[in-house]
Each structure stands twice: as C-alpha cells, then as structure tokens.
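Some notes on the structure that comes next.
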Amino acid sequence: MTPGIRPLVAGNWKMNGLKASLAQLTAMASQFDAALARNVDLLVCPPATLVQAAAAAAVGSAIAVGGQDCHANASGAHTGDVSAEMLADAGARFVIVGHSERRADHGETDAVVKAKAEAARRAGLVAVVCVGETRAEREAGKTLAVVRGQLEGSIPAGMTAADLVVAYEPVWAIGTGLTPTAADVAEVHAAIRSDLERILGKTESGKLRILYGGSVKPSNAAELMAIENVDGALVGGASLKAEDFMGIAAAYRG
Ligand code: PEP
C-alpha cells in the first residue's frame with residue numbers, strides 16, 4: 001500500500017480459458033460493487049483468443065481487460081504473434097510483458113521485453129512489466145541486483161505512471177504456494193521504488209503501481225497488500241475463479 005496510489009489487482013489466466021470461462025468474468029463484474037471500485041482497479045488478462053469477447057463481457061463494468069504478451073512490431077510476417085495494436089483493437093487496455101514464463105519458455109531478454117513495453121505505449125496500452133528472481137538467485141543473495149538489472153533493461157526511457165505498471169514476481173513463488181516473507185517483499189518493493197526513481201525520475205516513481213505476484217490467494221492477500229510499496233497484486237491461478245479473485249480484491253474493502 002502506498003498513500004496516494006490507487007491499487008490494481010490483475011488476473012493472468014495464462015493458457016487457460018474457453019468461452020465458457022467468461023462466466024467467471026461476468027461473476028467478477030457483478031461482485032465488483034461501487035464500494036470496492038472506489039478503492040481498487042481490477043484487470044483480467046485472458047488468453048488472446050478471448051480478449052475481444054472478454055472486453056465485450058466487461059462492458060458496463062469497471063473491470064479492464066488486457067493481453068498476456070505482444071509482439072514488438074505493429075504488424076508483419078510474424079506467424080502466430082499478436083501485436084499491441086491488435087490487442088487494443090480487440091478492447092484491451094493493458095498488456096503483460098516480460099512474464100517469467102515468457103522469459104523462460106521463449107527466451108525473452110530484457111531488450112525484447114523493453115521493445116514490447118515500447119509497443120504497448122505506441123498502441124496506447126498500459127504495459128505491466130514483470131521482474132523477479134529465481135530461487136538460485138535468491139539463495140545466492142542476488143535478488144536486488146537481478147531485479148535492478150531487469151528494470152534497467154526492460155523499461156523504456158520516458159515511461160510514466162499512466163502507461164506502466166511494474167510487477168515483482170519471484171519466479172520461485174509463481175504457482176508453488178510459496179511466498180516470500182513480508183519483510184522480503186517490503187525490501188524488494190522499496191528497492192524497486194528507488195530503482196524506478198533513478199530510471200524514470202522521482203515524480204513518476206512516486207506514482208507508479210508496483211504489484212506483488214506469486215501465489216497470492218484470498219487467505220494471504222490482506223497481509224501482502226498491506227506491505228509498504230505493494231500497490232496491488234498480479235494473480236495467476238487464483239484469478240481463474242471469480243470467488244478467489246474477488247476474495248483477493250476484498251483485501252481493499254474499507
Ligand atoms: C503469475 O502467473 O503471474 C502468478 C503470479 O501466478 P500464481 O498466482 O499462480 O502464483
């Protein structure tokens with residue numbers, strides 16, 4: 001939590017979801033009442049096949065829809081890829097870039113992630129740039145250096161709090177049920193805030209949302225969201241069901 005920063009709870013459905021799954025989005029929308037919407041923004045990032053239908057299903061609610069990845073180019077000979085412009089055209093307002101699963105499965109380097117974040121800005125989308133250390137890096141005491149390197153390499157100059165969200169996701173905490181201690185989360189988020197100050201300046205850094213991601217669930221959300229400089233969550237598994245996702249968002253009920 002950071003005074004003056006409006007939190008964001010974002011769901012990443014990963015490679016899960018068929019048309020029938022949009023019933024969960026509709027349920028989320030119906031549970032996102034005005035009292036909760038006063039305190040938090042909600043975002044759902046379904047697979048690319050569902051972005052357009054999800055955006056249509058979310059019309060009339062305050063839930064935003066995003067993509068999970070984009071190509072750096074606007075169009076061209078890139079079979080199987082989706083551009084930021086295409087996501088925007090389908091109704092997306094955000095796009096996740098640099099998720100650790102893309103960095104690992106597709107060999108995405110910081111330079112590639114940076115180009116994708118640029119593409120998001122070009123298309124008018126908010127880029128959710130993910131960073132985080134592996135277990136080996138944490139055990140070697142390299143967490144802050146790894147995260148700093150990823151931020152410096154992945155965030156284009158001149159990005160602002162209006163077009164960028166940063167998500168700290170320790171790779172070893174994703175989908176494992178493990179989470180860092182509150183003290184560890186606080187240490188990394190404070191370091192990210194000061195790294196962002198160096199990269200983007202004090203004004204933007206002071207306004208930027210820094211999400212925590214990695215095994216967030218209804219039972220640990222309130223504790224994690226209360227940590228200084230934690231301005232919301234990026235949620236994988238627990239974003240697939242309305243009950244779980246809204247249980248996490250409920251951490252922001254006044
Ligand atoms: C994620 O994929 O971004 C994530 C945080 O997953 P999970 O919540 O399942 O750990």
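Residue indices begin at 1 and follow the sequence shown. Counting starts at 1 for both ligands and their atoms, in listed order. These numbers come from a predicted model, not from an experiment.
Using a 4.0 Å cut-off between charged nitrogen and carboxylate oxygen, Glu108 and Arg103 do not count as a salt-bridge pair.
Close approach to Ala173 involves these atoms of ligand 1, each under 4.0 Å from a residue heavy atom: 10 (O). With ligand atoms numbered from 1 in the order given, ligand 1 contributes 7 (P), 8 (O), 9 (O) to contacts under 4.0 Å with heavy atoms of Gly237. Less than 4.0 angstrom separates some heavy atom of Gly214 from each of these atoms of ligand 1: 5 (C), 10 (O). For ligand 1, the atoms closer than 4.0 angstrom to any heavy atom of Ser215 are 7 (P), 8 (O), 10 (O). Short contacts between ligand 1 and Leu234, defined as distances under 4.0 Å to a heavy atom of the residue, involve ligand atoms 3 (O), 5 (C).
Looking at heavy atoms from C-beta onward, Leu200 lies out of side-chain contact with Ser205 at the 4.5 angstrom threshold. No side-chain heavy atom of Glu169 sits under 4.5 Å from any side-chain heavy atom of Val131.
Of the protein's non-hydrogen atoms, the one nearest atom 4 (C) of ligand 1 is Gly236 N, 3.5 Å. Scanning all protein heavy atoms for the shortest distance to atom 1 (C) of ligand 1 gives His99 NE2, 3.2 Å. Protein heavy atom at the shortest distance from atom 3 (O) of ligand 1 is Glu169 OE2, 2.7 Å.
Looking at Gly175, Cys130, Ala167, it is Gly175 that brings a heavy atom closest to atom 10 (O) of ligand 1.
Under the 4.5 Å side-chain contact rule for hydrophobic residues, Phe32 and Leu240 share a cluster.
For Asn12, every heavy-atom contact with ligand 1 shorter than 4.0 Å involves the side chain, none the backbone.
Only one option out of Arg209, Lys207, Arg193 pairs with Asp231 in a salt bridge (charged side-chain N to carboxylate O under 4.0 Å, His left out); it is Arg193.
Proximity of a side-chain donor or acceptor of Asn12 to a complementary backbone N or O of Lys14 within less than 3.5 Å is detected.
Listed by first and then second residue, the ring pair (Phe, Tyr, Trp, His ring centres under 6.0 Å) pairs involving residues 193-234 amount to none (not counting sequence neighbours).
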